[in-house]
Amino acid sequence: MEEKVFKTYDQMLDILKGRGIDLSTRELRGMAKRSLQHEGYYNLINGYKMLFLEKDSNGRNIYPDQYKPGTTVDEIYYLCFFDKKIRSVFLKNILQIETNIKNLIAYSFSERYGHDNYLKYGNFDTTQRDAAKNISNLIAEIQKQISSRSSDPSIRHYLTTHGYIPLWVLNGILTLGTISKFYSLMKQPERQEIAKIFDLQENELTSILTFLSSVRNICAHSNRLYCFRTRRPLVDMKLHVELNIPKINGNEFEYGKRDLFAIMIIFKLMLSRNEFRIVIKQLNNELRTLSAKLKVLSEEDVLSCMGFPQDWRNKLLSLK
């Protein structure tokens, strides 16, 4: 295995030039160097080169990397910048859903079990498989997150003055992943009550929260989003059928299960009509901005990598 040693920007650019990236003018080389200085080689090139690479007759990337003719560092940067912009759109709306869900859970759970309710084993669904382990782990995780934020003025106030932290206050420090586990371990009637608000089944909302948690973490840590895929697919929804999404080999829906289009399905179910239309408009604007700068890639290439059908906008706007 080749040893990874320090290389100067000029050495990095020479490597890229040798692999087919166009650095034929001083202007192209200067802009490429600034992009590397701003984003870093690993984040920019390794993170966003995939669509620009040539493949062999078996559809596998050529080794060492060989770029499609006409590829520039600028175009790779435009894709990276597009990814940043859509991360912002997705994160903003996921946070909105997160706040909504946290408040609904805090209200429903506290209404039934009181203010010091979430550390009591019997207040959760003890009939589930591995309930003892999962509920104990959840309670331990909540205590860990409380401990890590004990210096927070609001947390310290409740601990010092009252000896407990109401769940509606705790909302501010619990992660979406923890809230997702919390919801999945609530008793079934309470899960159903919350899911009904969104016209969902409780197993659908459980799947949605798990899915959102994965995407939220990617956005929050500024990781690559546009080509997101997960091994834990979104459960089948009625929207998959209403959108006329074809199935692969008669089994799983072709898109909207493991990709970013699944998030659009979630947004349709959990955002207001106006909020959802704004998301569509923002994504469409970002795609148009990117498309105007693409030469080697096409908008269709990017949409396919996102898991979006080519007519994604019309499909989503046609939904009632």
| Are Asp14 and Arg29 ion-paired here, with the side-chain N under 4.0 Å from a carboxylate O? | yes
| message | Looking at Glu242 and Lys238, is there a salt bridge between them, counting it only when a charged N and a carboxylate O are closer than 4.0 Å? | response | no
| message | Please verify the inter-ring angle class for Phe308 with Phe261; under 30° counts as parallel, over 60° as perpendicular, anything in between as tilted. | response | perpendicular
| task | Might you work through the side-chain contact (heavy atoms from CB on, under 4.5 Å) test for Phe90 and Ile218, ending with a clear yes or no? | result | CA-CA 10 Å; Phe90 279 98; Ile218 288 173; over 6 Å; no
| field | His221 (side chain) donor-acceptor with Asn217 (main chain) under 3.5 angstrom | value | yes
| request: Go through the steps for Phe228 and Ile263 under the test side-chain contact (heavy atoms from CB on, under 4.5 Å), then give the verdict. | output: CA-CA 10 Å; Phe228 167 80; Ile263 293 290; 5.6 Å; no
| query | Any side-chain heavy-atom pair from Leu269 and Glu204 closer than 4.5 angstrom? | reply | no
| field | Whether over 12 other heavy atoms sit under 6.0 Å from Lys181 NZ | value | no
| Within 6.0 Å of CZ in Arg232, more than 12 heavy atoms from elsewhere | no
| Can you name the closest pair of heavy atoms from Leu209 and Ile101 and give their distance? | CD2-CG1, 3.9 Å
| message | Distance check, rounded to the nearest 0.5 Å: Ser88 atom OG versus Lys84 atom NZ? | response | 11.5 Å
| Does any donor atom in the side chain of Asn274 or Ser272 lie under 3.5 Å from an acceptor atom in the other side chain? | no
| Going hydrophobic residue to hydrophobic residue with side-chain gaps under 4.5 angstrom, can you get from Met50 over to Ile86? | yes
| said: Quick one, Phe198 with Ile208, criterion side-chain contact (heavy atoms from CB on, under 4.5 Å). Give me CA distance, side-chain angles, the key distance, then yes/no. | reply: CA-CA 11 Å; Phe198 301 99; Ile208 283 172; over 6 Å; no
| Val241-Ile265 co-clustered via ILVMFWY side chain contacts under 4.5 Å | yes
| message | Looking at Arg191 and Glu202, would you say the former's side chain and the latter's main chain have a donor-acceptor pair under 3.5 Å? | response | no
| In terms of hydrophobic clustering (I, L, V, M, F, W, Y; side-chain heavy atoms under 4.5 Å; direct or indirect links), are Leu91 and Ile280 co-clustered? | no
| task | Answer yes or no: is there a side-chain heavy-atom contact under 4.5 Å between His240 and Leu234? | result | yes
| task | Please determine, by modelled atom types, if Thr8 and Asp10 share a side-chain donor-acceptor pair under 3.5 angstrom. | result | no
| Salt-bridge criterion met for Lys295 and Asp74 (N-O under 4.0 Å) | no
| said: Salt bridge check, Arg258 against Glu252: does any charged N sit closer than 4.0 Å to a carboxylate O? | reply: yes
| said: Does atom NE2 (His38) have a neighbourhood of more than 12 heavy atoms from anything else shown, all under 6.0 Å? | reply: no
| field | Distance-only donor-acceptor check, side chains Asn203 and Thr206, under 3.5 Å | value | no
| said: Less than 4.5 Å apart, side chain to side chain, heavy atoms only: is that true for Thr175 and Gln145? | reply: yes
| query | Does atom CG of Asp199 have more than 12 heavy-atom neighbours from other groups under 6.0 Å away? | reply | no
| task | If the plane angle is over 60° it's perpendicular, under 30° parallel, otherwise tilted; pick one for Tyr226 and Tyr48. | result | parallel
| request: Any chance you could lay out the side-chain contact (heavy atoms from CB on, under 4.5 Å) test for Arg229 and Lys257, step after step, and finish with the verdict? | output: CA-CA 9 Å; Arg229 293 293 185 277; Lys257 293 284 290 181; over 6 Å; no
| request: Examine Lys68 relative to Phe52 and say whether NZ or CZ is less than 6.0 Å from the centre of the six-membered ring and inside a 45° cone about the ring axis. | output: no
| Closest approach of Ile105 and Leu167, non-hydrogen atoms and distance? | O-CD2, 4.3 Å
| message | Check this for me: does any side-chain nitrogen of one of Asp83 and Arg87 sit under 4.0 Å from a carboxylate oxygen of the other? | response | yes
| Residues Arg112 and Glu193 bridged, charged N to O under 4.0 Å | yes
| task | Answer yes or no: is there an ion pair linking Lys293 with Glu75, defined by an N-O contact shorter than 4.0 Å? | result | no
| field | Lys/Arg-Asp/Glu bridge criterion (N-O < 4.0 Å) met for Glu54, Arg60 | value | no
| request: Could you tell me whether Gln192 atom CD has more than 12 heavy atoms of other residues or ligands within 6.0 Å of it? | output: yes
| said: Is the distance between the ring centroids of Phe182 and Phe124 under 6.0 Å? | reply: yes
| request: Give the cluster check for Leu297 versus Leu53: same hydrophobic cluster or not, with ILVMFWY residues linked at side-chain heavy-atom distances below 4.5 Å. | output: yes
| request: Indicate yes or no for a side-chain donor-acceptor contact from Ser147 to the backbone of Lys144 under 3.5 Å, with no hydrogens or angles considered. | output: no
| said: Is the distance between the ring centroids of Phe109 and Tyr113 under 6.0 Å? | reply: yes
